[in-house]
Amino acid sequence: MAPRKGNLMSVRTDVKVVDATIRDGGLCNNFEFTDEFVTELYKANIKSGVDYMEFGYRASKKMFDPKKFGKWKFCDEADIRSIVGDNVSDMKIAVMADVGRCDFKEDFIPKSESVIDLVRVACYIHQIPAAVEMVEHFHRLGYETSCNIMAASQANSDQIEAALEMLGQSSVDVIYLVDSYGSFYPENAGTLAKKYLEYGEKYGKAIGFHAHNNQNLAFANTIETMSYGVSYLDATASAMGRGAGNCAMELLLGFLKNPKYNLFPLLSFIENYMLPLKASGVVWGYDIQYMLTGQLNRHPKEAMAFTADKRSDYSEFYTSLLENF
């Protein structure tokens, strides 16, 4: 059995906390956060010791109409700078670029001219060659890079090993295990994390984990993967994220023993901004419909439609899922 790295009392200085509130949370409100909200989250993250803040997607304006989304769907350089200036803090700035949904050759300037530090390339397992092309482009521009392999729960072990081999041989800095459907339990999250870490060790790559909370296990799975050596940990304020949401930042910061992390500024932000956001009608978080798609290892789109329709006929929904399994 692979040894765990550290224990519940020890400080892991290799751990990096990545705030994905605006990016994953933006999927709940069409990225329509106020500038005040984003600015205050930026300040709270800095005071809380968060290592990276992801501002959103850098999506294609040819494919997605900017009039139909908030600006964090596109993360223009000027919009990020309007919040962070030159970002003189220790916290780094990240954006996500989806394979097939961005104009990466046109929409990114060299790192030397940008306030962005890390570009997170997101792809499904069959898109790894396209993801590697993007990673190499961003690497040449001078950015840190990660590759977030989505829906790992639906890939077989041969596909995962082939993907890890290709990414290992690329210039990518971090390879992410992503539980897109919230279907993992700590045992299989840990097993997969060990496989990713094996390739990470072989090729000198850091490994990250991004959880969804369909089965109320986002935090448990995050700290389980961390215990084996996963070091980039995604979390969001009040667990805000698509559907059932993500690993709650307040749980993660409360767990980590490194004194650089401070829970208090985050709690103030939650009190002053997350609670009003939820009260305004923005919906996310664990509910039975998400549990069901998680247990069945399915994309949460049907559960999201169920939520949007304000339904509560869980048994009927479960039957319909099983009929289309």
Heavy-atom count around [X] [atom1] within 6.0 Å, excluding the residue itself: above 12?
| X | atom1 | result |
| --- | --- | --- |
| Arg12 | CZ | yes |
| Tyr318 | OH | no |
| Phe264 | CZ | no |
| Glu32 | CD | yes |
| Asn156 | CG | yes |
| Glu187 | CD | no |
| Asn324 | CG | yes |
| Leu8 | CG | no |

Do we get [X] above [Y]'s six-membered ring, with its NZ or CZ under 6.0 Å from the centre and within 45° of the axis?
| X | Y | result |
| --- | --- | --- |
| Lys16 | Tyr232 | no |
| Arg120 | Tyr176 | yes |
| Lys105 | Phe108 | no |

Picking from Arg140, Lys205, His137, Glu136, what satisfies side chain to side chain donor-acceptor pair (under 3.5 Å) with Ser171?
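Among Arg140, Lys205, His137, Glu136, the one that satisfies the side chain to side chain donor-acceptor pair (under 3.5 Å) with Ser171 is Glu136.
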For Phe74, which residues count as a ring pair (Phe, Tyr, Trp, His ring centres under 6.0 Å) partner, sequence neighbours excluded?
none
Quick check for you: to the nearest 0.5 Å, what is the distance between [X] atom [atom1] and [Y] atom [atom2]?
| X | Y | atom1 | atom2 | result |
| --- | --- | --- | --- | --- |
| Gln169 | Leu164 | CD | CG | 11.5 Å |
| Asp76 | Lys61 | CG | NZ | 3.0 Å |
| Phe209 | Asn221 | CZ | CG | 5.0 Å |

With a 4.5 Å limit on heavy-atom distance, are the side chains of [X] and [Y] in contact?
| X | Y | answer |
| --- | --- | --- |
| Asp35 | Lys71 | yes |
| Val121 | Thr145 | no |
| His299 | Gln154 | no |
| Leu277 | Met240 | yes |

Taking atom types as modelled, find out whether [X] and [Y] have a side-chain donor-acceptor pair closer than 3.5 angstrom.
| X | Y | result |
| --- | --- | --- |
| Asn246 | His210 | yes |
| Thr236 | Asp24 | no |
| Gln215 | Tyr181 | no |
| Gln295 | Ser183 | no |
| Tyr42 | Asn87 | yes |
| Ser146 | Asn148 | yes |

Evaluate the side-chain contact (heavy atoms from CB on, under 4.5 Å) criterion for residues Asp103 and Met63: first the C-alpha distance (whole Å), next the side-chain angles of each, then the deciding distance (0.1 Å), finally the verdict.
CA-CA 9 Å; Asp103 304 312; Met63 294 177 71; 5.6 Å; no
Taking the six-membered ring for Trp, are Phe138 and Tyr143 parallel (under 30°), tilted (30 to 60°) or perpendicular (over 60°)?
perpendicular
Residue among Tyr57, Trp72, Phe37 satisfying ring pair (Phe, Tyr, Trp, His ring centres under 6.0 Å) with Phe31
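Exactly one option meets the ring pair (Phe, Tyr, Trp, His ring centres under 6.0 Å) with Phe31, and it is Tyr57.
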Should Met304 and Thr293 be marked as a side-chain contact (heavy atoms from CB on, under 4.5 Å) after you check the CA-CA gap, both sets of side-chain angles, and the distance that decides it?
CA-CA 10 Å; Met304 290 160 75; Thr293 59; over 6 Å; no
What is the minimum heavy-atom distance between Tyr261 and Gly49, and which atoms define it?
CE2-O, 3.1 Å
In sequence, state the C-alpha distance, the side-chain angles, and the governing distance for Arg4 and Glu224, and then conclude on salt bridge (Lys or Arg N to Asp or Glu O under 4.0 Å).
CA-CA 9 Å; Arg4 296 192 190 253; Glu224 179 72 3; 3.2 Å; yes
Would Met291 and Asn214 satisfy side-chain contact (heavy atoms from CB on, under 4.5 Å), going step by step from the backbone distance to the final call?
CA-CA 5 Å; Met291 176 197 83; Asn214 296 58; 5.8 Å; no
One pair to check against side-chain contact (heavy atoms from CB on, under 4.5 Å): Ser153 and Ser180. What are the steps and the verdict?
CA-CA 8 Å; Ser153 59; Ser180 301; over 6 Å; no
Would you sort out whether Asp14 and Lys5 count as a salt bridge (Lys or Arg N to Asp or Glu O under 4.0 Å), showing the intermediate values?
CA-CA 11 Å; Asp14 60 319; Lys5 192 171 177 181; 3.2 Å; yes
Which one of Asp79, Val38, Thr21, Asp19 satisfies the side chain to side chain contact (heavy atoms under 4.5 Å, CB included) criterion with Phe55?
Val38
